[in-house]
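First up is the structure itself, then whatever we jot down about it.
Sequential numbering from 1 along the given sequence is applied to the chain's residues.
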Amino acid sequence: MNDGTITLPWLVIRQDDNGNRYRVGRYATRAEAQKIADSLDSRGHKQLYWVERIGQNGGSATAN
């Protein structure tokens, strides 16, 4: 990166019982994001967690 900024292209997304989706956090690597998603998912709540990568245009693309 030329401008000295840190890129965090991996998102952890949570979907609640009503279908609402929320960004839990952004991470530098897929492995780091997946570790967080797995940890949250293992708590046994009804929410769904997954990992997505932010595309070059700023949108997210499902990476699960």
Side-chain angles (χ1 to χ4, degrees):
M1 273 165 267
N2 299 352
D3 60 2
T5 60
I6 298 173
T7 301
L8 301 172
W10 294 97
L11 303 175
V12 173
I13 306 294
R14 175 179 71 105
Q15 182 173 314
D16 66 18
D17 298 342
N18 298 317
N20 299 309
R21 295 179 181 187
Y22 304 93
R23 183 173 63 197
V24 174
R26 292 178 66 169
Y27 303 91
T29 66
R30 186 182 198 293
E32 182 182 15
Q34 190 64 56
K35 181 178 177 181
I36 297 299
D38 291 345
S39 173
L40 292 168
D41 195 43
S42 70
R43 294 181 181 182
H45 296 288
K46 294 182 181 179
Q47 289 85 9
L48 300 173
Y49 295 91
W50 67 90
V51 173
E52 292 183 358
R53 181 175 173 89
I54 297 174
Q56 289 183 351
N57 63 358
S60 63
T62 302
N64 211 2

Worksheet item: Which pair of heavy atoms, one from A28 and one from P9, lies closest together, and at what distance?
Response: O-CD, 3.8 Å
Worksheet item: CD1 of I36 to CZ of R26: how many Å apart, nearest 0.5 Å?
Response: 15.5 Å
Discussion item. I need the K35 NZ to R30 CZ distance, nearest 0.5 Å.
Written reply: 15.0 Å
Worksheet item: What pairs with T29 under side chain to side chain contact (heavy atoms under 4.5 Å, CB included), at least two apart in sequence or on another chain?
Response: A31, E32
Discussion item. So, taking the atom named CZ in R21 and the one named CD1 in I13, what distance separates them when rounded to the nearest 0.5 Å?
Written reply: 8.5 Å
Discussion item. Assess the residue pair Q15 and W50 against the criterion (side chain to side chain contact (heavy atoms under 4.5 Å, CB included)); give the C-alpha distance rounded to whole Å, side-chain angles, the decisive distance to 0.1 Å, and a yes or no.
Written reply: CA-CA 9 Å; Q15 182 173 314; W50 67 90; 3.6 Å; yes
Worksheet item: side chain to side chain contact (heavy atoms under 4.5 Å, CB included) with Q47: which residues, sequence neighbours excluded?
Response: R14, D16, H45, Y49
Worksheet, complete the sentence: Only one of D41, V24, D38 passes side-chain contact (heavy atoms from CB on, under 4.5 Å) with V12, and that residue is V24
